J.: 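Once you've had a glance at the structure underneath, I'll fire off some questions.
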Amino acid sequence: MTAAPQTARTLATPFTINTVEIPNRLVMTPMGSDLANPDGTVGPRLLKYWLERAEGGCGLLISEVTRINDEHGPGTPNQLSVTRDELVPQLAEAIEAVHARGTKIFLQLQHPGNQGHSAAQ
Ligand SMILES: Cc1cc2nc3c(=O)[nH]c(=O)nc-3n(C[C@H](O)[C@H](O)[C@H](O)COP(=O)(O)O)c2cc1C
């Protein structure tokens, strides 16, 4: 089925969320990919996943659940993490690579609560 012309035009229209301008309405919802490195850094597999979607035309990527707490363990074994300062430069580099393709990216932050896998730390 082909999209009606009006739908296609709407999809191509930019919109803003607060101060962030999203270039079109194709948004990748957050999906736990299990593709980050075990230490919580982005790593080549998750970066490739993000860049393929940015190059495919998504205006906004929303990361998978990203952990904010090491004490209670990750929510999934290879979960993206922002729990330590040393994780930030590599994440910033990956985000710059997404931005360089004209795509915005949001991080979805997560505390796993009673779903934490503390044995996987
Ligand atoms: C494999 C998989 C992982 C997902 N991981 C997350 C997640 O990390 N965070 C979240 O808020 N939603 C997650 N979701 C939900 C999706 O973002 C989305 O809301 C859901 O698939 C329904 O989308 P739909 O209404 O377009 O079908 C996940 C879905 C799938 C299939």
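Every number for a ligand or one of its atoms is a count from 1 in the order of the listing. All heavy atoms count here, side chains included; hydrogens, waters and symmetry mates do not. In this text the structure is predicted, and so the values were computed from the model without any measurement. For this chain, numbers begin at 1 and follow the sequence in order.
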J.: Who's the nearest protein heavy-atom neighbour of atom 28 (C) of ligand 1, and how far?
T.: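 Atom 28 (C) of ligand 1 sits closest to the protein heavy atom P30 O, 3.6 Å.
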J.: Using a strict 4.0 Å cut-off to heavy atoms of T29, name the atoms of ligand 1 that fall inside it.
T.: 16 (C), 17 (O), 18 (C)
J.: Give a yes or no on whether atom 25 (O) of ligand 1 lies under 4.0 Å from any heavy atom of the protein.
T.: no
J.: Would you mind telling me if ligand 1 is within reach of the side chain of Q110, the backbone, both or neither, using heavy atoms under 4.0 Å?
T.: neither
J.: Say whether V82 and L46 are linked into one hydrophobic cluster, either directly or through other cluster members, by side-chain heavy-atom distances under 4.5 angstrom.
T.: yes
J.: Is atom 12 (N) of ligand 1 in close reach of the protein, with a heavy atom under 4.0 Å away?
T.: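 Given the 4.0 Å limit, the answer for atom 12 (N) of ligand 1 is yes, a protein heavy atom qualifies.
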J.: Any cation-pi pair here, R45 with Y49, using under 6.0 Å and within 45°?
T.: no
J.: Would you confirm whether any non-hydrogen atom of the protein falls under 4.0 Å from atom 31 (C) of ligand 1?
T.: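 So far as the 4.0 Å threshold goes, atom 31 (C) of ligand 1 is out of reach of every protein heavy atom.
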J.: Might you point out which heavy atoms bring V27 and I62 nearest each other, and give the distance in Å?
T.: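 Closest pair (atom of V27, atom of I62, distance): CG1-CD1, 4.0 Å.
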J.: Among all protein heavy atoms, pick out the one at the shortest distance from atom 1 (C) of ligand 1; state its residue, atom name and that distance to 0.1 Å.
T.: G32 O, 4.2 Å
J.: Tell me: protein heavy atom nearest atom 2 (C) of ligand 1, and distance?
T.: M31 CG, 3.9 Å
J.: Atom 9 (N) of ligand 1: which protein heavy atom is closest, and how many Å away?
T.: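 I find the closest protein heavy atom is Q108 OE1, 2.7 Å.
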J.: Would you say atom 5 (N) of ligand 1 has a protein heavy atom nearer than 4.0 Å?
T.: yes
J.: So which atom in N78 and which in E64 form the shortest heavy-atom distance, rounded to 0.1 Å?
T.: O-OE2, 3.9 Å
